[in-house]
Amino acid sequence: MGLDGGVRMATRFEPVGSRFSAPELEERVLRFWGDREIFRRSIDERAGAPVFSFFEGPPTANGNPGVHHVLARVFKDLIPRYKTMRGYQVPRKGGWDTHGLPVELEVEKQLGLSSKREIEDFGVAAFNERCRASVFAYVQEWERMTQRIGFWVDMQDAYVTYSNEYIETCWWIFKRLWDHGLMYLGYRVTPHCPRCETSLSSHEIAQGYHEDTPDPSVTVRFRVKPAHYHASAPTPHLHLEDGVPTSILAWTTTPWTLPGNTALAVNAEAGYVLLEMDAAGGGRERVVVAADRVEAVLGDAGDIIDAFRGRELVDVLYEPLFESTTWDGVEALVFAPDGRPQRLKASESAPERRVVAGAFVGTADGTGVVHIAPAFGEDDYQLGRSAGLMFLQPVSLSGTLVGGPWAGRFVKEADPSITADLRERGLLWNAATIRHTYPFCWRCDTPVLYYAKPSWYIRTTAIRDRLVETNQTIHWVPEHIRDGRFGEWLEGNIDWAVSRERYWGTPLPLWVCELCAHTECIGSFEELRTRARAATLPEPFDDPHRPFIDAIEIDCPQCGGTMRRTPEVADAWFDSGAMPYAQWHYPFEHGEQFESRFPADFICEAVDQTRGWFYTLHALANLLHRTEDVSEPIAYRHVIVLGHILDGDGQKMSKSRGNVVNPWDVLNDHGADALRWYLYTASPPGNSRRFSSELVGETARRTISTLWNTYSFFVTYANVADFDVAAAVDPGSRTELDRWVRSELHRTVRQVTEALDAYEPADAGRPIADFIEQLSNWYLRRSRRRFSRPDSEADRQAALHTLCECLTTTARLLAPFTPFLAEELYRNLEAGPGSTTGASGAGAAESVHLATWPEVDVSAIDEQLSSEVATVQRMVSLARAARAKAGARVRQPLATAVLVPRTPAERAALERLRDQIQDELNVKTIEVASDAGERVSYTLRPNLPVLGPRLGSDVGRVRQALASADGSDIARRMRTGQPITLAGVDGIELAASDILLSVEAGEGWAAAEDGGYIAVVDARLTPDLEREGIAREIVRRLQDLRREAGLDLADRIRVTFQGDGVITAALAAHGDSVREETLADSILAATPEAGAVQSSAEIDGHPLTLALLRA
RNA sequence: GGGCCCGUAGCUCAGUGGUUAGAGCAGUCGGCUUAUAACCGACCGGUCCCUGGUUCGAUCCCAGGCGGGCCUACCA
């Protein structure tokens, strides 16, 4: 305005109350950020700076966000805010995960559909439209929460996995993989939900295990064929020539797989036995089981006829449990070289059921013989393939039996009938029920079946070694994830089953010729337009989802036939792993952005993403590096892996358990800063943590509220003193205390910076909390008088400057952690209220989040001073403990305190800082000594860290000798530096540093000791001391009365008192100081004046009535 | 079943091959008093999950268990 005529005005800070409402403050800051576009500017104003790249792991917005989501989001926020202050440009593009089974099932529920058949009847186009709409049902809730907790992420420009551009990039990736032979159609056993009729990923399976699931446990007789059926002579160990009916026993928990049985597997090296016993229906029978299993399966029944290795049983033929006459409708298939079961050629006959060897067969349970049904188990399938077995598939994809007496029945419901049938036909050895863990579909709770069927695979095993190797270059926090959970998962890598027989997902861009099976992968929409038969291309082609994409046909270049798209969509995890490329529609667009942000410098998710997002990102980066499409084989350099939030009982929070804490309750009660601070500092990020709103409040009170009070104190006195931030401070005016707190401050800056550079938020937060504690409870408490009644103006300005620096620097340190509180402090203290340039001077950034990270002022750090004050604090604390033992309240002056630290350097420090100590302790004389002399008696202990390595096993004897030695004598020798020898321990000479003393106070003294530090106080009161104590007590009571009377700070008073001789004597001796402290014009022995405020109580047993009136 | 993490005071968590294992909160008692819906001190509170081993010495290192969490796995 130019009205100051060049006269510099001192800053006036916005007044700050000692109480504050965090939610109110935070809403105010949020408005400020919004009005001034601070987030956008924190990125834009860093244009040209090196980019620090952050990838947002996309949340699925189909449920309300809980506290566990807040956890991830506040950690995602921390590092980018820090790096921004360190001068990087940190773009933060948001994203949403929108495809997949959870979305489909949500819609199925809404529509009341329960099978794929019903979805197709409803119409895939309409169904997918509902999916598209449902994904964003909760987006507003997410955005509201995200904003309220102060997570800065660009949600306007977020990527969406269902967008055409996103899908096109996924196609490009598939194409690159396909062209490099990294994709194939495999025929394999996968977990299959018969209701959803699709494969489930391992991640999905993991969510649906039910413990204690009851299942049948049946042991079955497989009848060995008579000798003449065998092509070559069967092993003589079976003694088939005896003509006794002989069976091999096998155990299963899935009777419904028995119609699919085509082999029995034994362990070639294990021992087996042939036993004979009475048969149930009369006569004798013989059975084969593993030698280890005889007792468990047969008890003591039966006599051992022969014993042999498993290999002897290989190629023994046995009869099918179900004759083809009773189980029709299932065609016998054989394995083709590519692993796919195929029909028999006319000239072929089906392989016979026989015994084979399998390395996976153990003898720890069952019978040591495994029933093999290649259609239903991974081991079974692989064995079938390698041994050339017959393949029978008597179960449909919807989980019902095909053919046989129970055709159409759901497999689990058919189990009892199958078992009963076997019992009737004498083939059942034993039936019972067991309880074990079994997988169910995590969404619809249908028991999952393992099922051999075709599926598209990404050949991740081709790059397994590279996955492992490049993982070593990723910085994992906590470190153990790298070689532990994640590393081991990579070591055991199997090919990625990437196809899903569903509707709402990225369609696989694979077209297969219906005549010759020629397959092509289409890598872009343009390529598809070019290749498509014009008549089949929808016009306009604006949605690459099903069902539209399915209509498009391509001419087969090999045979001229029709190529149709394979009907599957991609695993939604493929979408998430494709995010570094697809979020930019790379390589079709935005090549520059992609290049500058790949790989990410930082990502952060909870530990359950180890085999989810962390894996898919890593796998795709490695694959695309293999195809030479990206420059680096990793997608992220640093990753913080978060543990889960548990409820008060240590249970994981989840919707299904109903124990999710609503973040809004916490936010409304304590505010976002408190919640954030708690999450950062409660424990290292990788630990799981129990959570409750109360704990958040507790943490906040301790640190945030302490800082706020300090801030409020500063502003109050700075305004009173017309404090000018910009005025230079005279270094000579700085006191020792000023120098100390600056040393602590810059030590803190150093620690916090190092910890954040190491991606360890908890280690970074704790020093800040410690500093705030020191600032408030040592610096400020000890400096109070310098602010309210300073010795000189220069002293006051120095104190204000020092405190101001501490607060503004702390605000910057806190900015990434508690961005709202930090902003409040910064705005008021540095940028000036309502200012855009900073009232305190030109160039102050408008927001702390546009400001720079504090530099460590190395010259401010005085390690010696810091450790000296630490010693003072320790000794003061000890002396207070000694006071308490003596029963002397702090206002009661004592004559002497003797302080005994451990080293000469510490003694020197205490001598130097004697004034501070005296002040804190309220004693007349401080004595610093190397021992407490005759005031105490000693007990002795060996200094084990010193003596242990030197003496080894002699330590025990020294310990005993010290315990029985004369403490005072040895203490005297230690004091005078004489060598010490002990009775009963020959040849060992001890020095003072080898022995530790503990003390017991002598008569009239009180002592406290901790870790070799000793404080002793004189507990005896002289009449003088007593009078002084009483006088100080009177001061306190008068101050109370002043407050009670509602007087102002500067009001003067008249005092009357009624007391005994001791009271009178105390006031006679110390009346001047009492008057001075309480601003009293007079203190008279008299009855209270009319209208006076008064109180009566005893001091040390002396009755006293005090009364005061405003003068 | 396997892997990883965790197990320390009533609660939430530090910590270390070495003296008498700590902090905050809670509880009890006391103190302070214009930072005051704060603050300071003391006390109370411990089988450092258990059992073995290594060691002069183990809460810490090793082995085996137990319990919790997470991840993973249809051995029939």
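Excluded from the calculations below are hydrogen atoms, water molecules and symmetry mates; all remaining heavy atoms, backbone and side chain alike, are included.
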note = The answer to which of Thr710(A) and His480(A) contacts RNA chain B further toward the 5' end, by nearest nucleotide, is His480(A)
message = Within the 4.0 Å heavy-atom criterion, would you say Phe714(A) contacts the bases, only the backbone, or no part of the nucleic acid?
response = nothing
inquiry  = What's the gap between U16(B) and A21(B) when it is taken at their C1' atoms, as a whole Å value?
reply    = 8 Å
query = Within this structure, what is the CG-to-P distance between Leu321(A) and A76(B), rounded to whole angstrom?
reply = 18 Å
ask   = Would you say the side chain of Arg784(A) and the base of A35(B) hold a donor-acceptor pair, judged only by whether the two atoms sit under 3.5 Å apart?
value = yes
task = Using the six-membered ring of Tyr438(A), assess whether NZ or CZ of Lys412(A) lies under 6.0 Å from its centre and within 45 degrees of the ring axis.
result = yes
inquiry  = Let's see if you can work this out: which of C71(B), C74(B), A14(B) has an atom nearest to the side-chain heavy atoms of Pro684(A)?
reply    = A14(B)
query = Which atoms form the tightest heavy-atom contact between Pro447(A) and Pro194(A), and what is the distance?
reply = O-CD, 3.4 Å
request  = If U47(B) has a Watson-Crick or G-U wobble mate with both distances under 3.5 Å, name it; if not, just say none.
outcome  = none
message = With a 3.5 Å limit on both atom pairs, tell me what U16(B) is paired to, counting Watson-Crick and G-U wobble, or say none.
response = none
ask   = Can you tell me how far the CZ atom of Phe787(A) sits from the CZ atom of Phe713(A), to the nearest 0.5 Å?
value = 5.5 Å
ask   = Looking across every strand, which nucleic acid part, if any, lies under 4.0 Å from Leu780(A) by heavy atom: base, sugar-phosphate, or nothing?
value = base
message = With a 3.5 Å limit on both atom pairs, tell me what G67(B) is paired to, counting Watson-Crick and G-U wobble, or say none.
response = C6(B)
U54(B) versus A63(B) - spacing of their P atoms, nearest Å = 15 Å
key: Ring centres under 6.0 angstrom apart (Phe614(A), Trp476(A))   = yes
inquiry  = Rounded to whole Å, please give me the gap between CZ in Arg874(A) and P in G22(B).
reply    = 10 Å
message = Whole angstroms only, please: what is the CG-P distance between Asn709(A) and A38(B)?
response = 9 Å
Any Asn687(A) side-chain nitrogen or oxygen under 4.0 Å from OP1 or OP2 of C5(B) = no
message = Starting the side chain at C-beta, find the nucleotide from C75(B), C39(B), A76(B) nearest to Asp379(A).
response = C75(B)
Distance-minimising heavy-atom pair for Val1017(A) and Ala897(A) = CG1-CB, 4.0 Å
ask   = Looking across every strand, which nucleic acid part, if any, lies under 4.0 Å from Glu773(A) by heavy atom: base, sugar-phosphate, or nothing?
value = sugar-phosphate
task = Please measure how far the C1' atom in C44(B) lies from the corresponding atom in G27(B), and state the result in whole Å.
result = 8 Å
message = Angle between ring planes, Phe376(A) versus Tyr451(A), binned at 30° and 60°: parallel, tilted or perpendicular?
response = perpendicular
key: Distance in angstrom units between Leu264(A) CG and A76(B) C1', rounded   = 11 Å
query = What is the base-pairing partner of U54(B), counting Watson-Crick and G-U wobble geometry with both distances under 3.5 Å?
reply = none
key: For U59(B), the Watson-Crick or wobble counterpart (both distances under 3.5 Å)   = none
key: Span that lies between the P atom of C4(B) and that of G64(B), in whole angstrom   = 11 Å
key: Polar pair under 3.5 Å, donor/acceptor by atom type, side chain Arg781(A), base C40(B)   = no
task = Rounded to whole angstrom, note down the C1' distance from U8(B) over to C13(B).
result = 10 Å
task = Please tell me which of the listed nucleotides, C74(B), A76(B), C40(B), lies nearest to the side chain of Tyr450(A)?
result = C74(B)
note = Taking C13(B), U72(B), A35(B) as options, the one with an atom nearest any side-chain atom of Arg766(A) is C13(B)
message = With side chain to side chain contact (heavy atoms under 4.5 Å, CB included) as the criterion, how do Asp380(A) and Val189(A) come out once you've worked through the C-alpha distance, each side chain's angles and the decisive distance to 0.1 Å?
response = CA-CA 9 Å; Asp380(A) 307 44; Val189(A) 172; over 6 Å; no
query = Quick one: does Ser776(A) reach the base of A35(B) with a side-chain donor-acceptor pair under 3.5 Å?
reply = yes
Closest nucleotide among C70(B), A76(B), C40(B) to the His371(A) side chain = A76(B)
Nearest-nucleotide pick for Thr252(A), side chain only, options being C39(B), A76(B), U72(B) = A76(B)
Between the protein and nucleotides 23-25 of chain B, list every N/O to N/O distance that falls short of 3.5 Å.
from   : atom 1 : to        : atom 2 : distance (Å)
C25(B) : O2'    : Glu698(A) : OE1    : 2.7

request  = Round to a whole Å and report the spacing from CG of Asp483(A) to C1' of G3(B).
outcome  = 13 Å
request  = Take atom P in G41(B) and the same atom in A26(B), then report the distance between them in whole Å.
outcome  = 14 Å
request  = List the atom of Pro216(A), the atom of Pro255(A), and the distance in Å for their closest heavy-atom pair.
outcome  = CG-CD, 3.6 Å
ask   = Is there a Watson-Crick or G-U wobble partner for G41(B) with both distances under 3.5 Å, and if so, which one is it?
value = C29(B)
key: Sugar-phosphate only, base, or nothing, as touched by Gly362(A) at under 4.0 Å among non-hydrogen atoms   = base
query = His644(A) has a side chain; which of C71(B), A76(B), C40(B) sits nearest to it?
reply = C71(B)
inquiry  = Whole angstroms only, please: what is the CD1-P distance between Ile1053(A) and U34(B)?
reply    = 13 Å
ask   = Any chance the rings of Trp677(A) and Tyr680(A) have centres within less than 6.0 Å?
value = no
ask   = Please give, in whole Å, the distance from G2(B) C1' to Glu491(A) CD?
value = 15 Å
inquiry  = Of the listed nucleotides (C4(B), C40(B), A42(B)), which one gets closest to any side-chain atom of Arg880(A)?
reply    = C40(B)
query = Between A35(B) atom P and Leu803(A) atom CG, what is the distance in whole Å?
reply = 14 Å
note = Among U12(B), C4(B), U72(B), the one nearest any side-chain atom of Glu488(A) is C4(B)
key: Separation of the C1' atoms in G52(B) and U59(B), to the nearest angstrom   = 16 Å
task = Check whether any side-chain N or O of Tyr615(A) sits under 3.5 Å from a backbone N or O of Leu490(A) as a donor-acceptor pair, and report yes or no.
result = no
inquiry  = Any non-hydrogen side-chain atom of Thr252(A) less than 4.5 Å from a side-chain atom of Val218(A)?
reply    = yes
request  = If A73(B) has a Watson-Crick or G-U wobble mate with both distances under 3.5 Å, name it; if not, just say none.
outcome  = none
query = Which whole number of Å gives the distance between the C1' atom of C5(B) and that of G45(B)?
reply = 29 Å
